[in-house]
Amino acid sequence: MLTDRFLIEFDKALRTLFAPAASLRQRPGSDEPEASFSDHERAHAGALMRINHVGEVCAQALYQGQALTCRDPQVRQALEKAANEETEHLAWIEHRLSELGGRTSLLNPVWYLGALGIGIAAGKLGDPWSLGFLAETERQVEAHLDHHLKELPSQDNRSRAIVEQMRLDEIAHAETAMRLGARQLPASAIKAMRLASQTMTHTAYYL
């Protein structure tokens, strides 16, 4: 049983990092015409979407780690549902990166392992704290996506549609966590999460 669980979780990691993601929902912005970009605008849009891809890779790992240590079946089910939606985000961003001639982060395995460890640690603190971590993560992601909506080239409606739908999904994930009993994290923990996010964002823009 333990061996089977390990193989399942290892397969999830491999799929996240190395296999094309799939989506049941239609890709947002797929009916929008492709915009005309300068070289700088295309590179900038690609870098922003690469950052968003890293965020979704980390989300997969966080949810996986939290689900592994979750005690409440209802909470575990909510985590798995959110993870499935994050997988769709991966599919959307991967397709958009291909259209922009961009690439995913070279450090994705590092981001994944770090986020997995954080997810496991959060889960071991108990479901209320784990849900609190999830809610705060999604609030910070929402703010991050708001910033990207301002940063993306104004004519890039395809990328913008993806980011806007991701934002709505992240808001829903945070609301679900709160409904299931998330606890408010200490201010020091929130600050540490923001610093870690800034480090990841700045690095992923280039790598």
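In plain terms, the two heavy atoms of His144 and Ile51 that are nearest each other are CE1-CG2, 3.4 Å. Among all heavy-atom pairs drawn from Ala21 and Thr87, the shortest one is CB-O, 3.6 Å. The shortest non-hydrogen separation linking Arg160 to Ser154 is NH2-CA, 3.6 Å. Heavy-atom minimum distance, Ala174 versus Glu138: CB-CB, 3.7 Å. Residues Pro28 and Gln165 share a closest heavy-atom pair of CG-CB, 3.8 Å.
By the criterion of side-chain heavy atoms lying less than 4.5 angstrom apart, applied directly or through intervening Ile, Leu, Val, Met, Phe, Trp or Tyr residues, Met49 is grouped together with Trp92 in one hydrophobic cluster. No continuous path of ILVMFWY side-chain contacts below 4.5 Å connects Leu68 to Leu79, so the two sit in separate hydrophobic clusters. Val57 and Val141 sit in two unconnected hydrophobic clusters of ILVMFWY residues. Membership requires side-chain heavy atoms under 4.5 Å apart, directly or through other members. Both Leu100 and Leu145 belong to a single network of hydrophobic side chains, linked directly or stepwise wherever heavy atoms of I, L, V, M, F, W or Y lie under 4.5 Å apart. Tyr63 and Tyr112 fall into different hydrophobic clusters, where Ile, Leu, Val, Met, Phe, Trp and Tyr side chains are chained together by heavy-atom contacts under 4.5 Å.
At distances below 3.5 Å, at least one donor-acceptor pair connects side-chain atoms of Arg50 with backbone N or O atoms of Tyr205. Using modelled atom types, one side-chain atom of Glu41 and one backbone atom of Ser38 make a donor-acceptor pair closer than 3.5 Å.
The distance from atom CH2 of Trp111 to atom OG1 of Thr104, rounded to the nearest 0.5 Å, is 13.0 Å. Remark: Asn108 CG to Leu207 CG distance equals 11.0 Å, nearest 0.5 Å. A distance of 8.5 Å separates CD1 in Ile162 from CG in Asp156, rounded to the nearest 0.5 Å. One finds the CG atom of Leu24 at 10.5 Å from the CD atom of Glu85 (value rounded to the nearest 0.5 Å). Atom CD of residue Gln140 and atom OG of residue Ser197 lie 6.0 Å apart, to the nearest 0.5 angstrom. Rounding to the nearest 0.5 Å places OG1 of Thr176 at 12.0 Å from CD1 of Ile171.
Salt-bridge formation is not detected for the pair Arg76/Glu80: no Lys NZ or Arg NE/NH1/NH2 atom is positioned less than 4.0 Å from an Asp or Glu carboxylate oxygen. The pair Glu142-Arg139 fails the salt-bridge criterion, with no side-chain N (NZ, NE, NH1 or NH2) lying under 4.0 Å from an Asp/Glu carboxylate O.
In this structure the side chain of Arg103 never reaches within 4.5 angstrom of the side chain of Leu97, judged on heavy atoms.
Heavy-atom neighbours of Glu34 CD from other residues, nucleotides or ligands within 6.0 Å: above the threshold of 12. The environment of Asp39 atom CG is sparse: at most 12 non-hydrogen atoms of other residues, nucleotides or ligands sit within 6.0 angstrom.
A side-chain donor-acceptor contact under 3.5 Å links Gln26 and Ser30.
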Under the salt bridge (Lys or Arg N to Asp or Glu O under 4.0 Å) rule, what do Arg167 and Glu164 come out as? Steps first, then yes or no, please. CA-CA 5 Å; Arg167 178 180 175 277; Glu164 286 175 343; over 6 Å; no
Given side chain to side chain donor-acceptor pair (under 3.5 Å), test Glu86 with His89 step by step and report yes or no. CA-CA 5 Å; Glu86 304 290 359; His89 296 174; 3.1 Å; yes
Step-by-step side chain to side chain contact (heavy atoms under 4.5 Å, CB included) determination, Glu56 to Asn52: CA-CA 6 Å; Glu56 297 305 322; Asn52 291 330; 5.7 Å; no
Given side chain to side chain contact (heavy atoms under 4.5 Å, CB included), test Phe37 with His44 step by step and report yes or no. CA-CA 10 Å; Phe37 298 103; His44 184 55; over 6 Å; no
Apply side chain to side chain contact (heavy atoms under 4.5 Å, CB included) to the pair Glu151 and Val163, showing each step before the final yes or no. CA-CA 11 Å; Glu151 281 286 309; Val163 173; over 6 Å; no
Got a list of side-chain donor-acceptor pairs under 3.5 Å for residues 178-188, not counting sequence neighbours?
none

Can you list, pair by pair, the side-chain donor-acceptor contacts under 3.5 Å of residues 113-134, counting residues two or more places apart and other chains?
from: Asp127; atom 1: OD1; to: Arg71; atom 2: N; distance (Å): 3.2
from: Asp127; atom 1: OD2; to: Arg71; atom 2: N; distance (Å): 3.3
from: Asp127; atom 1: OD2; to: Asp72; atom 2: N; distance (Å): 2.9
from: Ser130; atom 1: OG; to: Gln66; atom 2: NE2; distance (Å): 2.8

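Qualifying side chain to side chain donor-acceptor pair (under 3.5 Å) partners for Glu99, counting only residues two or more places apart in sequence or in other chains: His95, Arg96, Arg158.
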